[in-house]
Amino acid sequence: MTVSTACPSRQYPEPRAMVRLIKPITWFPPIWAFLCGAVSSAVPLGENWPIVLLGMILAGPIVCGMSQAANDWCDRHVDAINEPDRPIPSGRIPGRWGLWIALAMTALSLAVGWLLGPWGFAATLVGVIAAWAYSAEPVRLKRSGWWGPGLVGLSYEGLPWFTGAAVLLNASPRFEVVTMAALYAFGAHGIMTLNDFKALEGDRQHGVRSLPVVLGPEVAAKIACTVMGMAQALVIAFLLVLGKPWHSLAVAALLAAQIAAMRVLFRDPKGKAPWYNGTGVVLYVSGMMVTAFAMRGLA
């Protein structure tokens with residue numbers, strides 16, 4: 001006998017459930033990427049700390065939090081299968097409250113983005129559009145194992161990096177900075193593919209064609225790791241071209257450690273994916289900051 005965890009009589013969201021809805025654990029990647037962009041701009045951070053702090057809050061709790069609320073609302077039927085204890089399918093956020101929260105945070109994102117000037121507002125607008133395009137019908141790019149992770153990788157790593165640099169410069173960052181941000185965004189496609197492993201069964205039942213569903217966990221894991229490795233190999237080569245051998249060596253060492261972790265992942269892709277997200281991904285984002293300091297030295 002299955003006992004339902006839903007709360008049909010609840011009229012208002014549970015406060016703790018609202019915090020869980022916007023998933024604080026997911027805020028780190030865009031916050032870190034924004035900070036990498038700020039570092040790579042070569043603008044003194046100490047003199048501009050209010051802007052940097054506001055940008056980090058916008059990238060993480062606000063825009064990323066909004067995207068998580070939107071995704072959970074649009075995924076409520078899938079989550080009822082994969083994770084029925086989540087705030088919306090469990091009933092702790094009843095009715096259409098999940099949608100109202102996502103829309104309210106969308107408005108808040110644009111308002112705070114406006115405070116960061118034209119570059120900050122434009123980047124925020126792109127991020128908001130990407131979040132809804134990823135989750136909502138009729139676009140719902142998350143149904144594709146190629147477009148979905150690519151869009152999330154761009155939104156989590158590339159766009160915040162670009163924004164952090166552009167806001168402090170009040171201009172478009174230099175070509176080298178944009179290139180590095182794009183390479184790490186490309187590599188993040190692999191990270192997002194590994195993140196899809198946890199929703200394998202629900203995605204299969206609801207027609208979400210993630211790479212783990214379409215190709216199987218083993219092949220999907222190899223593709224994800226190949227993408228991450230290729231992106232960092234290009235970063236290493238580009239750093240050498242730019243005359244940054246020590247930074248290049250540091251990123252190479254981090255990549256070597258990731259390759260060792262990937263070998264563990266391949267033994268049990270579905271079971272080890274969460275472990276890899278806590279080890280290999282940390283090494284990946286560490287390389288991002290190393291690269292940001294290399295870009296800072298170009299100024």
What pairs of residues pass the salt bridge (Lys or Arg N to Asp or Glu O under 4.0 Å) test when at least one of them lies in residues 19-39, not counting sequence neighbours?
Arg20-Asp85, Lys23-Asp72
Contacts table for residues 57-69: side-chain donor-acceptor under 3.5 angstrom, sequence neighbours left out:
{"unit_1": "Ser67", "atom_1": "OG", "unit_2": "Cys64", "atom_2": "O", "d": "2.6"}
{"unit_1": "Gln68", "atom_1": "NE2", "unit_2": "Tyr156", "atom_2": "OH", "d": "2.6"}

Residue list, side chain to side chain donor-acceptor pair (under 3.5 Å) with Glu83, at least two apart or on another chain:
Arg86
Under the side chain to side chain donor-acceptor pair (under 3.5 Å) test, residues paired with Lys222 that sit two or more places apart
none
Would you please name every residue forming a side chain to side chain contact (heavy atoms under 4.5 Å, CB included) with Val43, sequence neighbours left out?
Ser41, Asn48, Leu168, Leu169
Is it possible for you to say whether Met56 and Phe121 belong to one hydrophobic cluster, with membership spreading through side-chain heavy-atom contacts below 4.5 Å?
yes
Taking only residues two or more places apart in sequence, or in another chain, which ones meet Thr106 in a side chain to side chain donor-acceptor pair (under 3.5 Å)?
Trp132
Check residues 181-193 and write down every donor-acceptor pair under 3.5 Å in which the side-chain atom is one partner and the other belongs to a residue at least two apart or another chain.
{"unit_1": "Tyr184", "atom_1": "OH", "unit_2": "Gly287", "atom_2": "O", "d": "3.1"}
{"unit_1": "Tyr184", "atom_1": "OH", "unit_2": "Thr291", "atom_2": "OG1", "d": "2.9"}
{"unit_1": "His189", "atom_1": "NE2", "unit_2": "Trp146", "atom_2": "O", "d": "3.0"}
{"unit_1": "Thr193", "atom_1": "OG1", "unit_2": "His189", "atom_2": "O", "d": "3.0"}

Whichever hydrophobic residues join Phe162 through chains of side-chain contacts under 4.5 Å:
Trp119, Val178
Does any pair with a residue in residues 111-138 pass salt bridge (Lys or Arg N to Asp or Glu O under 4.0 Å), and if so which ones, sequence neighbours excluded?
Glu137-Arg140, Glu137-Arg143
Ignoring hydrogens and angles, write down the donor-acceptor pairs under 3.5 Å from the side chains of residues 228-248, residues two or more places apart or on other chains.
{"unit_1": "Gln232", "atom_1": "OE1", "unit_2": "Gln258", "atom_2": "NE2", "d": "2.6"}
{"unit_1": "Gln232", "atom_1": "NE2", "unit_2": "Met228", "atom_2": "O", "d": "3.0"}
{"unit_1": "Gln232", "atom_1": "NE2", "unit_2": "Gln258", "atom_2": "OE1", "d": "2.9"}
{"unit_1": "Ser248", "atom_1": "OG", "unit_2": "Ile236", "atom_2": "O", "d": "3.0"}

Nearest-0.5 Å distance, CG of residue Leu125 to OG of residue Ser109
10.5 Å
I'd like to know whether Val128 forms a side-chain contact (heavy atoms from CB on, under 4.5 Å) with Leu110, so could you lay out the CA-CA distance, the side-chain angles of the two residues, the decisive distance to 0.1 Å, and finally the verdict.
CA-CA 8 Å; Val128 165; Leu110 296 173; 4.2 Å; yes
Once side chain to side chain donor-acceptor pair (under 3.5 Å) is applied, do any residues pair with Glu176, and if so which ones, sequence neighbours excluded?
Arg174
Tell me which donor-acceptor pairs under 3.5 Å the side chains of residues 272-281 have, and how far apart each pair is, sequence neighbours excluded?
{"unit_1": "Asn277", "atom_1": "ND2", "unit_2": "Ala273", "atom_2": "O", "d": "3.4"}
{"unit_1": "Thr279", "atom_1": "OG1", "unit_2": "Trp275", "atom_2": "O", "d": "3.0"}
{"unit_1": "Thr279", "atom_1": "OG1", "unit_2": "Tyr276", "atom_2": "O", "d": "3.4"}

